[in-house]
Amino acid sequence: MAWLDEIVFDEHGLVPVVAQDAVTRRVLMVAWANREALAETATSGQAVYWSRSRARLWRKGEQSGHRQRVAEIRLDCDGDVVLYAVETAGGVSCHTGRESCFFRRLEDDSWRAVDPVLEDPELVYRK
């Protein structure tokens, strides 16, 4: 997997990963990945990240069921940001139960939630 050698990882061995809807191109979330997560993603076709809070691999949807099938992996011009073009099972990528983690918009000097909750996160993460 020589392609991994072209990625610029930070001092913790991580690189930011932008997850984008493969069809609409909407940005869904931003997470982190290490070499192992990227390699597993490329091999399995399922989005795998590195959870900084849990200090372990995080296979998106392992608890919620909202898995992300990766249609394409891209690397930015500087080699320090990865993009996963994904199809999300159930249409929810955010732990708040929304399609995207970017659901707040700046309006009149305050953040306003503008996207609906599609699934109650209390129910999703009890699974």
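Just so you know, these numbers use all the heavy atoms, side chains as well, and skip hydrogens, waters and symmetry mates.
Here D109 pairs with nothing under the side-chain contact (heavy atoms from CB on, under 4.5 Å) rule; sequence neighbours left out. Qualifying side-chain contact (heavy atoms from CB on, under 4.5 Å) partners for R69, counting only residues two or more places apart in sequence or in other chains: Q46, A71, E87. Residues satisfying the side-chain contact (heavy atoms from CB on, under 4.5 Å) criterion with S100, sequence neighbours excluded, are R26, L28, F102. Partners of E62 according to the side-chain contact (heavy atoms from CB on, under 4.5 Å) rule, which considers only residues two or more places apart in sequence or in another chain, are R54, R56, W58, R59, R67.
Placement of V17 and V27 in two distinct hydrophobic clusters is found when ILVMFWY residues are connected by side-chain heavy-atom separations under 4.5 Å, directly or transitively.
With rounding to the nearest 0.5 Å, the separation of CH2 in W3 from CG in L75 is 9.5 Å. Considering CG of N34 and CD of E40, their distance stands at 10.0 Å, rounded to 0.5 Å. Atom CG of D21 is separated from atom OG1 of T88 by 6.5 Å, given to the nearest 0.5 angstrom. The distance from atom SG of C94 to atom CD of E99, rounded to the nearest 0.5 Å, is 10.5 Å.
Residue V114 belongs to no hydrophobic cluster, having no ILVMFWY side-chain heavy atom closer than 4.5 Å to its own.
What you find for L4 and A39 is that their closest heavy atoms are CD1-CB, 4.1 Å. G90 and H66 get closest at one heavy-atom pair: CA-CD2, 4.2 Å. V117 and E119 make their closest contact through CG1-O, 3.3 Å (heavy atoms, listed as atom of the first residue, atom of the second, distance). The two residues Y49 and Q68 have their closest heavy-atom pair at OH-OE1, 2.7 Å. In this structure, M29 and C101 approach most closely via the heavy-atom pair CB-SG, 3.7 Å. Of all heavy-atom pairs between V48 and A33, the closest is O-CB, 4.5 Å.
V81 places none of its side-chain heavy atoms less than 4.5 Å from the side chain of R74. Between Y84 and K60, every side-chain heavy-atom pair lies at or beyond the 4.5 Å cut-off. Counting heavy atoms from C-beta outward, V82 and I73 have side chains that approach closer than 4.5 Å. Between T43 and M1 there is a side-chain heavy-atom pair separated by less than 4.5 Å.
The backbone N or O of E107 sits nowhere less than 3.5 Å from a side-chain atom of R112 that would complete a donor-acceptor pair. With hydrogens and angles ignored, the 3.5 Å screen pairs a side-chain donor or acceptor of Q20 with a backbone N or O of R25.
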Donor-acceptor contacts under 3.5 Å from residues 6-15 side chains, at least two apart:
{"from": "D10", "atom 1": "OD1", "to": "H12", "atom 2": "N", "distance (Å)": "2.8"}
{"from": "D10", "atom 1": "OD1", "to": "G13", "atom 2": "N", "distance (Å)": "3.1"}
{"from": "D10", "atom 1": "OD1", "to": "L14", "atom 2": "N", "distance (Å)": "2.9"}

